[in-house]
2 protein chains.
Amino acid sequence: MAAGTKGVARAEREAQIVEVACRVFGEHGYAATSVADVAAAAGISKPLIYQYFGSKDGLYVAALRAAAAVLVGEIERTAALGAVGIDRAVVTLDGMFRVLADRPWLWRLVFDATAPREGEVAAVLAEHEQRLVVLGSDGVGDLLALVGNTDPDDLSALRAVWENTFRTLVGWWLDHPDVTPEAMSARCQRLFAVVLSGSVP
Amino acid sequence: MAAGTKGVARAEREAQIVEVACRVFGEHGYAATSVADVAAAAGISKPLIYQYFGSKDGLYVAALRAAAAVLVGEIERTAALGAVGIDRAVVTLDGMFRVLADRPWLWRLVFDATAPREGEVAAVLAEHEQRLVVLGSDGVGDLLALVGNTDPDDLSALRAVWENTFRTLVGWWLDHPDVTPEAMSARCQRLFAVVLSGSVP
DNA sequence: CCGTGGTAACTTACTCCCGAGTCATATCCC
DNA sequence: GGGATATGACTCGGGAGTAAGTTACCACGG
């Protein structure tokens, strides 16, 4: 490949690289992805990525910010709809299924267990996590308030359970690509109803 | 350090290495742990580990088997007690808290997201996961049967939710080392009661 | 209209480091 | 001597990051 410019402006090239990086990082995970992999997938060379993003983590942060803007933004959007209880849960999940339908890799990118736990990446992850904690505590808090429970540790634990339930249901859906968002939302509604029906001894 | 024997028999040395490996792998994760780290922690040299376990994965498999024997064994033990519904959940969690109290690192070892997804390690992980799936489907199946739901995908998804709820509660507890097993079991019972009370709109 | 120099876009071909895995050798005990 | 236990000092590969050079475009003076 010749060394010279291809006439692609920096902003445009950066956007293209970020999009490719979202996909590659999301599909294979941070640890298993090399900068050379992303460069190859984008049809460019490694040093260009370093010139534009500085480091592997810099690239990852850019991809993470782009993905989180979509996903956390969607969660905040549905939260603002004002549904409560089961309805709020189902509406939130339904919105997520629709957003992920044509770019499912964004999910694994944002919740990548192999991402570094320190440095700028960790800071960005913590920032998004904090937004989710606020939203989750809100919904779960209503539930605890109904029974007069004000223990902060109970709230913290139950919020964690809810977040992981959310993650698990989305993860299950991603593992079953034949299931439509509509069918999956219906399944969630059904399962919540079973659990919350109080039919357990 | 002199090269000669220290008079430690192979079986004894292997047991010691496995114990140390459980701790180091469990505390830092598979990916972030080098064989040299384990050797240093055990007070021996790297080639001895290779002589006894063949490879990093071989060592990891040995540690995994030892840890899973304890943890999955405990889950199977409590499952055999015959409790149902919330009681079964609480009994299972309670047993786990007690087992983990003096060696909490075993948990992160068995559920390490940075462990390889292929090769012998993956096979061993899948084997233990399968045992958990059987147990989880059992408990969750009762719940669905009560409302006449026989959809296998509903069972699969709800089982996944339960397993992750379990993992989340244990993980939360590990992040709050001041909470005693007794207090944590009480918290779980309380939270289950809230959710299953059907008090949601 | 035609250089011509400056700048932005881009690549080849490296260095460097870290961790997995190995080889040759040393010590101890029977 | 011989086998089991042990280690220092390597090789090797892969991925992060870099140095130096190449090509295209564009603004300007002639």
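As a basis for the values below, the full set of heavy atoms in this structure was taken, side chains included, without hydrogen atoms, waters or symmetry mates. The chains referred to below are lettered A, B, ... by the order of the sequence lines, with proteins before strands, and numbering in each begins at 1. Keep in mind that what you see is a predicted model, and the values were worked out from it rather than measured.
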(message) Rounded to whole Å, how long is the line connecting atom CD of B:Q16 with atom P of D:dT5?
(response) 14 Å
(request) Determine the contact category for B:Y52: base if any of its heavy atoms lies under 4.0 Å from a base atom, sugar-phosphate if only primed atoms, P, OP1 or OP2 are that close, otherwise nothing. (result) sugar-phosphate
(request) Tell me whether the OP1 or OP2 atom of D:dA6 has a side-chain N or O from B:R13 closer than 4.0 Å. (result) yes
(message) Rounding to an integer number of Å, can you tell me how far B:Y60 OH sits from C:dG21 C1'?
(response) 20 Å
(message) As a test of reading the structure: which of C:dA9, D:dA16, C:dT22 is closest to the side chain of A:S34, going by heavy atoms?
(response) D:dA16
(message) Here's a test for you: under side-chain hydrogen bond (donor to acceptor under 3.5 Å, both in side chains), which of A:T114, A:D112, A:D57 qualifies with A:Y30?
(response) A:D57
(request) Could you state the atom-to-atom distance from CD of A:Q51 to P of C:dT11 in whole Å? (result) 10 Å
(request) To the nearest Å, give me how far apart NZ (B:K46) and P (D:dC12) are. (result) 15 Å
(message) How many whole angstroms separate atom OH of A:Y50 from atom P of D:dG15?
(response) 11 Å
(message) The side chain of A:I44 is closest to which nucleotide in this list: C:dT11, D:dT7, C:dA9?
(response) C:dT11
(request) With sequence neighbours excluded, tell me which residues meet side chain to side chain donor-acceptor pair (under 3.5 Å) with A:Q189. (result) none
(message) With nearest nucleotide decided by heavy atoms, which residue, B:S55 or B:G7, maps closer to the 5′ end of DNA chain C?
(response) B:S55
(message) Given D:dG17, C:dA20, C:dT11, identify the nucleotide with an atom nearest to the side chain of A:K56.
(response) D:dG17
(message) Which heavy atom of B:A68 sits nearest to which heavy atom of B:V110, and what is that distance?
(response) N-CG2, 4.0 Å
(message) Given 3.5 Å as the limit, does a donor-acceptor pair link the side chain of B:N164 with the main chain of B:A160, or not?
(response) yes
